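Throughout, a chain's letter reflects where its sequence line sits, starting with A, and its residues are numbered from 1. Worth saying up front: this structure is predicted, and the values here are computed from it rather than measured.
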2 protein chains.
Amino acid sequence: MQLNNDKMDQILLNFLARYVILSEEEQNVILELAIFKSFRKGTILLKEGQLSKDAYFVLQGCIRCYYIVDTEEKTTAFYTESETFNPPGALNHTPSEYYVDCLEDSILIVASSETDEELFVKYPVLEKLCRLVSEDLHSKSQIAFDNFKISTPEQRYLNLLEIRPDLAQRIPQYHLASYLGITPQSLSRMRKRLVRKAS
Amino acid sequence: MQLNNDKMDQILLNFLARYVILSEEEQNVILELAIFKSFRKGTILLKEGQLSKDAYFVLQGCIRCYYIVDTEEKTTAFYTESETFNPPGALNHTPSEYYVDCLEDSILIVASSETDEELFVKYPVLEKLCRLVSEDLHSKSQIAFDNFKISTPEQRYLNLLEIRPDLAQRIPQYHLASYLGITPQSLSRMRKRLVRKAS
DNA sequence: TAAACTCGTTACCTTAAGTTAAGAAACGAT
DNA sequence: ATCGTTTCTTAACTTAAGGTAACGAGTTTA
């Protein structure tokens, strides 16, 4: 699918409209600030040790967050269309402990979190918008954490198939396995077990 | 330790001062709204199925968040002094899927999240405060999630001892085990293994 | 075309967690 | 002081995940 500029603007505004009603002027202010960038599959957006002050909104494609522990990648999150990724730790100006890369060719909105205080004063609704988005993301993230904790790897896999069936299609198994907290071999075995159970 | 009202006010203001500078008037507005409540150990603050619109700030004591899955309690979080708990899902007015109880006699500030829009208009700094707190909590929650995912139960336990040694002291082992994602028996075995390794 | 690489699967063995059951220790209430 | 509840530990057995290695299918590269 090809995205032209108008479509991309519209995707962003649709997302924001879930939270607040924006006047035309406010919409334009945001669109002025939004920087659209394209990245090739495999591009590394953030490395361990770097300071990240950018937040990402995915217009198209998929980005992944992962740690490297003893040479091994541990994937903790995927973000796809109309999802936002606000790198944790960015607020405190602490160096990143994780990596972010593009699993597919992606079009992202890169928002510098050098939030302009004046802008919030001039357009208080923007501060409200940020509050509401943050509260929503926090709430969702906590629920996801809870579900992860109270589930076995098998339940997590079945849950993933149910909640985000697209991921199971577009993401390599070994990344999924890592995301589920197991090895690719274990995932492979698990899938065999599940087929056996089902029949 | 006994807490009088002035001390309690001060604890809350100290917490808020981490995020914004408040004028005396703004401080008083917040203290007016803050409702201090005492609860006996064992009190259930929220049950599955209930609508929760209250957020909690712990002045003294400890509260716990848990799910009940097949008659079994699965603990997902503890909150102690100067920590806030904003029940996820409250925003969407969806019934709670989890329980919250007091593990100790506790003094909490109960904040109704029926946030007064007028108040934010009159005191924009309060909206900023909420945004900053929410962003901070989200960031911390994501980092905690990441750490949980990339760790084994043993690493989680060792990490807990390092980061929150107080919890290991004041919380029963079987709750800790549940929090770590294992059974009390496994935690008991693990502790024995660790002692053996250490020597 | 051949070699290299990526990705998924299978197998064998080891390690640790779950399950069930039982008993010991600590704590509270009468 | 005693009874009962709560909490922690231990043990024997079962289940599933980790580590290592090898194989094969599909792609990319030379």
*Treat primed atoms plus P, OP1 and OP2 as sugar-phosphate and everything else as base, then score nucleotides 4-14 of chain C 5' to 3': B for base contact with protein heavy atoms under 4.0 Å, S for sugar-phosphate contact only, - for none.*
---SSSBSB--
*asked:* I'd like to know if A:E83 pairs up with A:R164 as an ion pair, taking the criterion as any Lys NZ or Arg NE/NH1/NH2 lying under 4.0 Å from an Asp or Glu carboxylate oxygen.
replied: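 Here A:E83 pairs with A:R164 in a salt bridge, since their nearest N and O are under 4.0 Å apart.
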*Answer yes or no: is there an ion pair linking A:R131 with B:E127, defined by an N-O contact shorter than 4.0 Å?*
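Yes.
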_With salt bridge (charged side-chain N to carboxylate O under 4.0 Å, His left out) as the criterion, how do B:E73 and B:R64 come out once you've worked through the C-alpha distance, each side chain's angles and the decisive distance to 0.1 Å?_
CA-CA 11 Å; B:E73 292 185 4; B:R64 171 180 73 116; 2.9 Å; yes
All N/O pairs under 3.5 Å across the protein-nucleotides 24-30 of chain D interface:
none

_Geometric class of the B:F78/B:Y179 ring pair [parallel <30°, tilted 30-60°, perpendicular >60°]_ =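 B:Y179 and B:F78: tilted rings.
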Validation: residues 13-21 of chain A side-chain donor-acceptor distances under 3.5 Å, sequence neighbours left out:
unit_1	atom_1	unit_2	atom_2	d
A:N14	OD1	A:Q10	NE2	3.3
A:N14	ND2	A:Q10	O	3.4
A:Y19	OH	A:D136	OD2	2.5

*Positions of residues 62-76 of chain B (non-hydrogen atom under 4.0 Å from DNA chain C), listed by number*: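 Close to the strand, none.
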*Please tell me if the side chains of B:I109 and B:I35 come closer than 4.5 Å, counting only heavy atoms from C-beta onward.*
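The answer is no, as the side chains (C-beta and beyond) never meet within the 4.5 Å cut-off.
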*Hydrophobic cluster mates of A:L46, side-chain heavy atoms under 4.5 angstrom, ILVMFWY only, any path?*
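Direct or chained contacts put A:L46 with A:F39, A:L45, A:Y56, A:V58, A:I63, A:Y67, A:V69, A:Y79, A:F85, A:Y98, A:V100, A:L108, A:V110, B:I150.
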_Nucleotide C:dT15, atom C1' - distance to CD1 of A:I182 in whole Å_ =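 About 17 Å, once rounded to whole Å.
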*Report the residues that fulfil salt bridge (charged side-chain N to carboxylate O under 4.0 Å, His left out) with B:D9, sequence neighbours left out, ordered by chain and then residue number.*
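Scan of B:D9 (salt bridge (charged side-chain N to carboxylate O under 4.0 Å, His left out), adjacent residues dropped) gives none.
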*A:T183 vs D:dA17: side-chain N/O to OP1/OP2 distance below 4.0 Å*: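 Answer is no, no contact under 4.0 Å.
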